Amino acid sequence: MRDDPSAPGTPNDPDARYERAFATFLAHTDQKRKARAHLDRVVAGLPHRRVLLDAGAGDGGTTAHLSGQFARTIAIEPNPRLRARLNRRVPEALVLGRTILDARPPEEADLVLCAHVLYHVPADQWPSHLRRLASWTTSEGTCLVVLQNQDSDSMRMLRHFGGATPDLVSTLEGQPTGTRVDIVSVDTVEAHVRTPDLGTVVEVASFMLAHLSAAPAPEQVEQYARAHFATVDGGYEFSCTQDFVRIR
């Protein structure tokens with residue numbers, strides 16, 4: 001997920017609306033805090049911390065959190081608006097304004113991180129992207145892909161409204177011999193969204209569904225939230241658990 005909640009442009013700017021909704025999400029979830037704590041544990045277990053490579057770094061929030069633990073940082077981000085923020089947040093990083101398949105990092109990394117990027121890639125292209133990520137990883141390093149857990153409430157909601165939720169294991173089946181990408185391990189880190197009122201949970205849920213080609217109307221999201229997310233204390237809660245998948 002992106003980490004900068006500042007709202008650019010005018011109040012009616014789509015980017016501004018996205019940023020406001022994302023800020024609301026961040027204010028009501030423990031996802032980012034738990035994700036960063038898990039990443040810190042991963043980094044602590046690395047035999048070397050020479051190079052960090054963040055593939056799809058967005059505005060650089062997570063990159064900035066991790067970069068101080070490495071001697072050098074490489075970040076890949078093709079979006080020019082996000083890349084400008086990334087440059088401001090992590091000025092010491094080498095930033096490549098390319099896609100994962102087009103980027104050519106100058107050296108291998110001890111940690112290659114790709115968080116919530118594959119959702120912007122057709123599922124049949126996941127293996128080629130994963131092979132590229134793994135190829136940038138040192139022999140003793142870790143290549144880590146972060147995805148929403150398939151059984152989380154957020155993914156169930158996405159499927160309910162017609163969204164595709166590709167499974168990483170399924171997309172890696174049938175790879176040609178010699179070009180396989182294998183899953184080494186999966187660490188599931190539980191996270192939740194908690195809001196005090198219906199309006200806030202609808203805003204957060206709508207933000208999560210906004211990328212759908214036929215995004216549901218607010219009334220539909222409200223009906224779903226009432227049925228699935230209401231808590232006994234009058235608030236609303238749903239899981240947005242993440243999987244941290246190590247590949248090689």
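These numbers come from a predicted model, not from an experiment.
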Co-membership, hydrophobic cluster, residues [X] and [Y], 4.5 Å side-chain:
X: M157; Y: Y236; value: yes
X: W136; Y: V43; value: no
X: F244; Y: V112; value: no
X: L209; Y: F25; value: yes
X: V201; Y: M155; value: yes

Would one find more than 12 heavy atoms of other residues, nucleotides or ligands at under 6.0 Å from atom CZ of R98?
->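 Atom CZ in R98 is not packed in, count stays at 12 or less.
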Within the 4.5 Å heavy-atom criterion, are [X] and [Y] side-chain neighbours or not?
X: D151; Y: R156; answer: yes
X: T138; Y: V51; answer: no
X: T63; Y: R89; answer: no
X: D40; Y: L66; answer: yes
X: T195; Y: V202; answer: no
X: L158; Y: M208; answer: no
X: I247; Y: D182; answer: no

Just do the side chain to side chain contact (heavy atoms under 4.5 Å, CB included) check on H129 and L101 with the steps written out, would you?
-> CA-CA 6 Å; H129 281 71; L101 293 184; 3.5 Å; yes
Atom pair [atom1]/[atom2] of [X] and [Y] - distance to nearest 0.5 Å:
X: L144; Y: L39; atom1: CG; atom2: CG; result: 6.5 Å
X: K32; Y: Q242; atom1: NZ; atom2: CD; result: 12.0 Å
X: L52; Y: T73; atom1: CG; atom2: OG1; result: 4.5 Å
X: S139; Y: R248; atom1: OG; atom2: CZ; result: 12.5 Å
X: C143; Y: E108; atom1: SG; atom2: CD; result: 11.5 Å
X: D197; Y: H28; atom1: CG; atom2: NE2; result: 7.0 Å

[X] side-chain N/O to [Y] backbone N/O, donor-acceptor pair under 3.5 Å:
X: T137; Y: L133; answer: yes
X: N149; Y: T241; answer: no
X: R246; Y: V184; answer: no
X: E77; Y: A84; answer: no
X: Y119; Y: Q148; answer: yes
X: N79; Y: L82; answer: yes
X: D59; Y: G61; answer: yes
X: R83; Y: P78; answer: yes
X: S128; Y: Q125; answer: yes
X: Q220; Y: A217; answer: yes

Step by step, work out the side chain to side chain contact (heavy atoms under 4.5 Å, CB included) result for D187 and H38.
-> CA-CA 9 Å; D187 292 320; H38 181 77; 3.6 Å; yes
Might you point out which heavy atoms bring [X] and [Y] nearest each other, and give the distance in Å?
X: P216; Y: V221; answer: CG-CG2, 3.7 Å
X: R180; Y: L172; answer: NH1-O, 4.4 Å
X: C240; Y: T29; answer: SG-OG1, 3.5 Å
X: I74; Y: P105; answer: CD1-CB, 4.4 Å
X: A109; Y: L53; answer: CB-CB, 3.7 Å
X: R36; Y: T62; answer: NH2-N, 3.7 Å

Are side-chain N/O atoms of S239 and D153 paired as donor and acceptor at under 3.5 Å?
->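 Their side chains do contain a donor-acceptor pair, which is all the 3.5 Å distance test asks for.
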Output, in order, the C-alpha distance, side-chain angles, deciding distance and verdict of salt bridge (charged side-chain N to carboxylate O under 4.0 Å, His left out) for R49 and D110.
-> CA-CA 6 Å; R49 302 179 205 172; D110 300 294; over 6 Å; no
Check the pair V145, L147 against side chain to side chain contact (heavy atoms under 4.5 Å, CB included), reporting the backbone distance first and the verdict last.
-> CA-CA 7 Å; V145 177; L147 296 165; 4.2 Å; yes
Quick one: salt bridge (Lys or Arg N to Asp or Glu O under 4.0 Å) partners of E237, sequence neighbours excluded?
->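 Applying salt bridge (Lys or Arg N to Asp or Glu O under 4.0 Å) to E237 gives R194.
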What's the verdict on salt bridge (charged side-chain N to carboxylate O under 4.0 Å, His left out) for R72 and E92, showing C-alpha distance, side-chain angles and the deciding distance?
-> CA-CA 8 Å; R72 296 179 298 284; E92 70 276 14; over 6 Å; no
Show the numbers, then the answer: is there a side chain to side chain contact (heavy atoms under 4.5 Å, CB included) between C114 and I100?
-> CA-CA 10 Å; C114 183; I100 289 173; 4.0 Å; yes
With L168, which of I183, D243, V186 fulfils side chain to side chain contact (heavy atoms under 4.5 Å, CB included)?
->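 Single pass found, and it is I183.
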Parallel, tilted or perpendicular: ring planes of F229 versus F238, cut at 30 and 60 degrees |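 F229 vs F238 ring planes: parallel.
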